[in-house]
Amino acid sequence: MDFTAEKAYAKLNLSLDVLSKRDDGYHEMCMIMQSVAFCDDLSLSLRRDGMVNVSINFHYIPCDDRNIAVKAARAFFQRLGDPRLGADITIKKRVPVCAGMGGGSSDGAAVLRALNRMTGKPFSVGELESLGASLGSDVPFCVAGGTCLATGRGEKLTEAPPLPHCTIVICKPRFSVSTPELFTRLDSFAAKLHPDTAGLLSCLENSDLRGLSQRMYNVFENVLPQGKEDLSKIKGVFIDNGAHGAVMTGTGSAVFGLFDDEKKALTAHNELKRTYREVFITTPIKRLVF
Ligand code: C5P
């Protein structure tokens with residue numbers, strides 16, 4: 001197979017806890033991650049000259065070796081041990097950057113999945129996840145997605161019961177936050193409140209959307225250097241329109257609300273659209289089988 005299409009699904013954090021700082025500079029995490037249908041679209045074709053080319057519809061994203069899709073393809077071919085192989089990759093991006101939605105990580109993971117399929121599935125899901133860990137902390141989760149408890153740097157994954165069916169509205173305010181800066185701020189502030197991860201997992205076990213939504217929590221929200229007003233305004237629109245809960249994802253700045261009523265979700269979406277450009281409506285997806 002020389003040509004294929006692949007979807008790179010966005011991820012959301014139903015919870016995010018930072019437990020400690022490690023000696024390698026990274027942090028020990030404890031997060032419940034969820035993938036959603038909202039995605040970037042990739043198309044890939046194999047080359048036989050060792051070149052890796054990427055083109056993206058967002059002109060400000062670099063297409064050279066800094067691009068995670070380029071890094072993923074090079075890592076894949078290196079692991080495969082075939083320097084003659086290369087790829088042309090086209091990315092139609094929808095997932096906003098600097099949003100905490102794993103857009104880049106998911107593109108990297110999609111490249112690994114697609115190249116694995118195109119070369120006759122030489123690697124298992126676990127091997128692709130390990131390869132993904134060398135590209136970024138969220139890449140391993142994005143390889144198969146679904147609903148997972150992620151610990152370690154984010155690369156240790158335990159599958160959790162799926163999020164019950166719901167409608168999710170995501171709003172990315174204009175401001176963006178630097179991930180390393182937010183980790184540094186958290187180190188100096190020390191979070192007092194932590195998500196009830198065990199409680200969240202038991203809500204997933206019982207398909208209790210309401211209980212889960214009310215327990216969603218992200219420790220980064222308390223240490224944001226800016227944008228707290230935007231966040232409370234967006235959360236207010238979600239809750240006033242019937243969301244069971246709302247929380248920031250990753251290091252932000254996107255916020256999402258969970259609804260069991262699609263019409264209410266649409267009303268919240270339309271209201272937020274009057275103020276914010278990047279508002280999306282989507283649904284959770286289950287772990288990919290490939
Ligand atoms: O792994 P990734 O490249 O996505 O991480 C980006 C930055 O986020 C790291 O350089 C580090 O500052 C921070 N980080 C961390 N602990 C993690 C994940 C990320 O400190 N578990």
Side-chain angles (χ1 to χ4, degrees), residues 9-18 30-38 95-96 98-103 147 150 160 162-177 182 186 191-197 199-204 207-285:
Y9 299 103
K11 68 91 184 157
L12 299 173
N13 288 90
L14 301 178
S15 69
L16 191 154
D17 203 1
V18 180
C30 184
M31 325 180 259
I32 302 179
M33 321 262 276
Q34 174 66 49
S35 37
V36 293
F38 181 56
V95 179
C98 297
M101 297 169 67
T147 311
L163 181 64
H165 176 75
C166 59
T167 306
I168 305 174
V169 182
I170 307 166
C171 178
K172 157 83 175 65
R174 272 172 208 92
F175 74 94
S176 290
V177 191
L182 218 47
L186 197 67
K192 291 189 183 72
L193 290 173
H194 296 271
D196 171 14
T197 308
L200 282 150
L201 289 170
S202 114
C203 290
L204 286 171
S207 297
D208 175 7
L209 183 67
R210 187 185 291 267
L212 174 122
S213 306
Q214 286 162 355
R215 285 173 178 77
M216 293 194 300
Y217 187 70
N218 180 341
V219 291
F220 283 127
E221 279 191 37
N222 265 338
V223 296
L224 280 178
Q226 53 169 324
K228 287 202 178 112
E229 315 70 36
D230 261 322
L231 247 58
S232 15
K233 191 173 155 196
I234 296 165
K235 284 184 174 186
V237 174
F238 286 145
I239 302 300
D240 290 350
N241 283 289
H244 289 312
V247 73
M248 185 175 87
T249 177
T251 48
S253 60
V255 194
F256 65 93
L258 299 187
F259 296 78
D260 62 14
D261 183 323
E262 203 182 326
K263 279 202 191 113
K264 289 179 181 170
L266 201 56
T267 310
H269 170 274
N270 293 344
E271 188 174 333
L272 286 166
K273 264 288 193 191
R274 283 189 228 128
T275 312
Y276 300 97
R277 198 169 52 87
E278 297 186 288
V279 191
F280 314 100
I281 193 154
T282 189
T283 49
I285 56 167

Next on the checklist: Please find the pair of heavy atoms, one from Val95 and one from Gly103, that lie closest to each other, and give the distance.
Outcome noted: CG1-CA, 3.8 Å

Checklist entry - What's the spacing between Leu200 CG and Leu163 CG if we round to 0.5 Å? => result 10.5 Å

Contacts table for residues 253-263: side-chain donor-acceptor under 3.5 angstrom, sequence neighbours left out:
{"unit_1": "Ser253", "atom_1": "OG", "unit_2": "Lys172", "atom_2": "NZ", "d": "3.4"}
{"unit_1": "Ser253", "atom_1": "OG", "unit_2": "Phe175", "atom_2": "O", "d": "2.6"}
{"unit_1": "Asp260", "atom_1": "OD2", "unit_2": "His244", "atom_2": "NE2", "d": "2.9"}
{"unit_1": "Asp261", "atom_1": "OD1", "unit_2": "Lys263", "atom_2": "N", "d": "2.8"}
{"unit_1": "Asp261", "atom_1": "OD1", "unit_2": "Lys264", "atom_2": "N", "d": "3.2"}

Item to check | Residue list, side-chain hydrogen bond (donor to acceptor under 3.5 Å, both in side chains) with Thr282, at least two apart or on another chain | outcome: none

Next on the checklist: Return the CD to CG distance between Gln214 and Leu209, rounded to the nearest 0.5 Å.
Outcome noted: 9.5 Å

Item to check | Inter-residue atom distance Met33.CE - Leu14.CG, 0.5 Å rounding | outcome: 10.0 Å

Item to check | pair Leu193-Val219: side-chain heavy atoms closer than 4.5 Å | outcome: no

Which atom pairs, donor and acceptor, lie under 3.5 Å between side-chain atoms of residues 233-242 and protein residues at least two apart or in another chain?
{"unit_1": "Lys235", "atom_1": "NZ", "unit_2": "Glu221", "atom_2": "OE1", "d": "2.6"}
{"unit_1": "Lys235", "atom_1": "NZ", "unit_2": "Glu221", "atom_2": "OE2", "d": "3.3"}
{"unit_1": "Asn241", "atom_1": "ND2", "unit_2": "Val237", "atom_2": "O", "d": "2.7"}
{"unit_1": "Asn241", "atom_1": "ND2", "unit_2": "Glu271", "atom_2": "OE1", "d": "3.3"}

Checklist entry - When rounded to the nearest 0.5 angstrom, what is the spacing between CE in Met248 and SG in Cys171? => result 13.5 Å

Item to check | Results of ring-ring contact (aromatic ring centres under 6.0 Å, His included) for Phe280 - residues two or more places apart only | outcome: Phe38

Checklist entry - Which pair of heavy atoms, one from Leu204 and one from Pro164, lies closest together, and at what distance? => result CD2-CD, 4.4 Å

Next on the checklist: Could you work out, with ring-ring contact (aromatic ring centres under 6.0 Å, His included) as the rule, every residue matching Phe220, not counting sequence neighbours?
Outcome noted: Phe183

Checklist entry - side chain to side chain contact (heavy atoms under 4.5 Å, CB included) with Lys273: which residues, sequence neighbours excluded? => result His269, Val279

Item to check | Residues forming a side chain to side chain contact (heavy atoms under 4.5 Å, CB included) with Ser232, sequence neighbours excluded | outcome: none

Next on the checklist: How long is the straight-line distance from CD1 of Ile32 back to OG1 of Thr147, given to the nearest 0.5 Å?
Outcome noted: 9.0 Å

Next on the checklist: Which residues pass the side-chain hydrogen bond (donor to acceptor under 3.5 Å, both in side chains) test with Asp230, not counting sequence neighbours?
Outcome noted: Tyr276

Next on the checklist: Can you list everything that forms a ring-ring contact (aromatic ring centres under 6.0 Å, His included) with Tyr217? Sequence neighbours excluded, please.
Outcome noted: none

Checklist outcome for this item: Closest heavy-atom pair, Cys203 versus Gly211, reported as atoms and distance to 0.1 Å, is SG-C, 3.5 Å

Checklist entry - Which atom names give the shortest non-hydrogen contact between Val18 and His194, and what distance separates them? => result O-CE1, 4.3 Å

Checklist entry - Got a sec, which residues hit side chain to side chain contact (heavy atoms under 4.5 Å, CB included) with Asp196, two or more places apart in sequence or on another chain? => result Ala198, Arg215

Item to check | Asn13: partners by side-chain hydrogen bond (donor to acceptor under 3.5 Å, both in side chains), with sequence neighbours left out | outcome: Lys11, Thr249

Next on the checklist: Nearest 0.5 angstrom please: Leu186 CG to Thr251 OG1, how far?
Outcome noted: 11.5 Å

Checklist entry - Can you name the residues that form a side chain to side chain contact (heavy atoms under 4.5 Å, CB included) with Pro225, not counting sequence neighbours? => result Val177, Glu181, Leu182, Arg185

